[in-house]
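Values reported hereafter were calculated over all heavy atoms of this structure, with side chains retained and with hydrogens, waters and symmetry mates removed.
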Amino acid sequence: QVQLVESGGGLVQPGGSLRLSCATSVSIFSTSAMGWYRQAPGKEREWVATILRGGSRTYADSLKGRFTISRDSAKNTVYLQMNNLKPEDTATYFCNAVQSGTSYTYWGQGTQVTVSS
């Protein structure tokens with residue numbers, strides 16, 4: 001059973017923007033810190049950003065200023081706004097949720113982002 005569903009990936013030119021979405025159930029969203037990771041071909045998965053239930057956000061240093069994570073409690077959805085995209089941002093982007101208390105981690109199936117002219 002898929003618990004996290006990502007969408008919004010695609011092909012974009014360098015300098016462009018995309019907004020990724022990750023929808024989940026209220027039971028997961030209301031009890032979890034939500035985050036984004038990415039994995040480029042031939043590379044390890046790397047952390048991108050996290051947003052806590054209270055709204056506190058942290059980012060990978062290399063992405064600060066270009067990426068913004070947010071969450072919408074009414075829609076049980078977390079977003080990743082990506083601006084000024086670069087070819088090196090090309091990767092599969094994964095949403096994750098880490099439940100408070102249990103630390104049980106859910107992963108989405110990923111959405112592909114390709115930055116190319």
Please report the closest heavy-atom contact between [X] and [Y], naming both atoms and the distance.
X     : Y     : value
Met34 : Ala97 : SD-CB, 3.5 Å
Arg53 : Ser30 : CD-O, 3.2 Å
Asp89 : Tyr93 : O-OH, 2.7 Å
Ala91 : Arg38 : CB-CB, 3.9 Å
Arg66 : Asn84 : NH1-O, 3.0 Å
Val48 : Phe67 : CG1-CD2, 3.7 Å

With the 4.5 Å side-chain cut-off for hydrophobic clustering, are [X] and [Y] part of the same group?
X     : Y      : result
Leu20 : Val12  : yes
Ile51 : Tyr104 : yes
Leu4  : Ile69  : yes
Met82 : Tyr79  : no
Trp47 : Phe94  : yes

Is the closest side-chain heavy-atom distance between Thr90 and Gln112 below 4.5 Å?
yes

Could you tell me which residues satisfy side-chain contact (heavy atoms from CB on, under 4.5 Å) with Thr68, sequence neighbours excluded, listed by chain and number?
Arg57, Tyr59, Gln81

Set of residues satisfying side-chain contact (heavy atoms from CB on, under 4.5 Å) with respect to Ser25, sequence neighbours excluded:
Ser27, Ile28

To the nearest 0.5 angstrom, please state how far the [atom1] atom of [X] sits from the [atom2] atom of [Y].
X     : Y      : atom1 : atom2 : value
Thr92 : Gln109 : OG1   : CD    : 12.0 Å
Asp72 : Phe29  : CG    : CZ    : 7.0 Å
Gln3  : Ser32  : CD    : OG    : 10.0 Å
Trp36 : Thr111 : CH2   : OG1   : 7.5 Å
Asn83 : Leu63  : CG    : CG    : 12.0 Å

Check salt bridge (Lys or Arg N to Asp or Glu O under 4.0 Å) between Lys75 and all other residues, then give those that pass, not counting sequence neighbours.
none

Listed by chain and number, what are the salt bridge (Lys or Arg N to Asp or Glu O under 4.0 Å) partners of Arg45, not counting sequence neighbours?
none

Which residue pairs pass the disulfide (SG to SG under 2.5 Å) test with at least one member in residues 10-117, sequence neighbours excluded?
Cys22-Cys95

So, Glu6 side chain and Gly110 main chain: donor-acceptor pair closer than 3.5 Å or not?
yes

Backbone of Thr31 reached by a side-chain donor or acceptor of Ser100 within 3.5 Å:
yes

Pair Asn76-Thr24, side-chain donor/acceptor within less than 3.5 Å:
no

If you count the non-hydrogen atoms of other residues, nucleotides and ligands that lie under 6.0 Å from CD in Glu44, is the total more than 12?
no

Hits for side-chain hydrogen bond (donor to acceptor under 3.5 Å, both in side chains) against Ser7, two or more places apart or cross-chain, chain-then-number order -> none

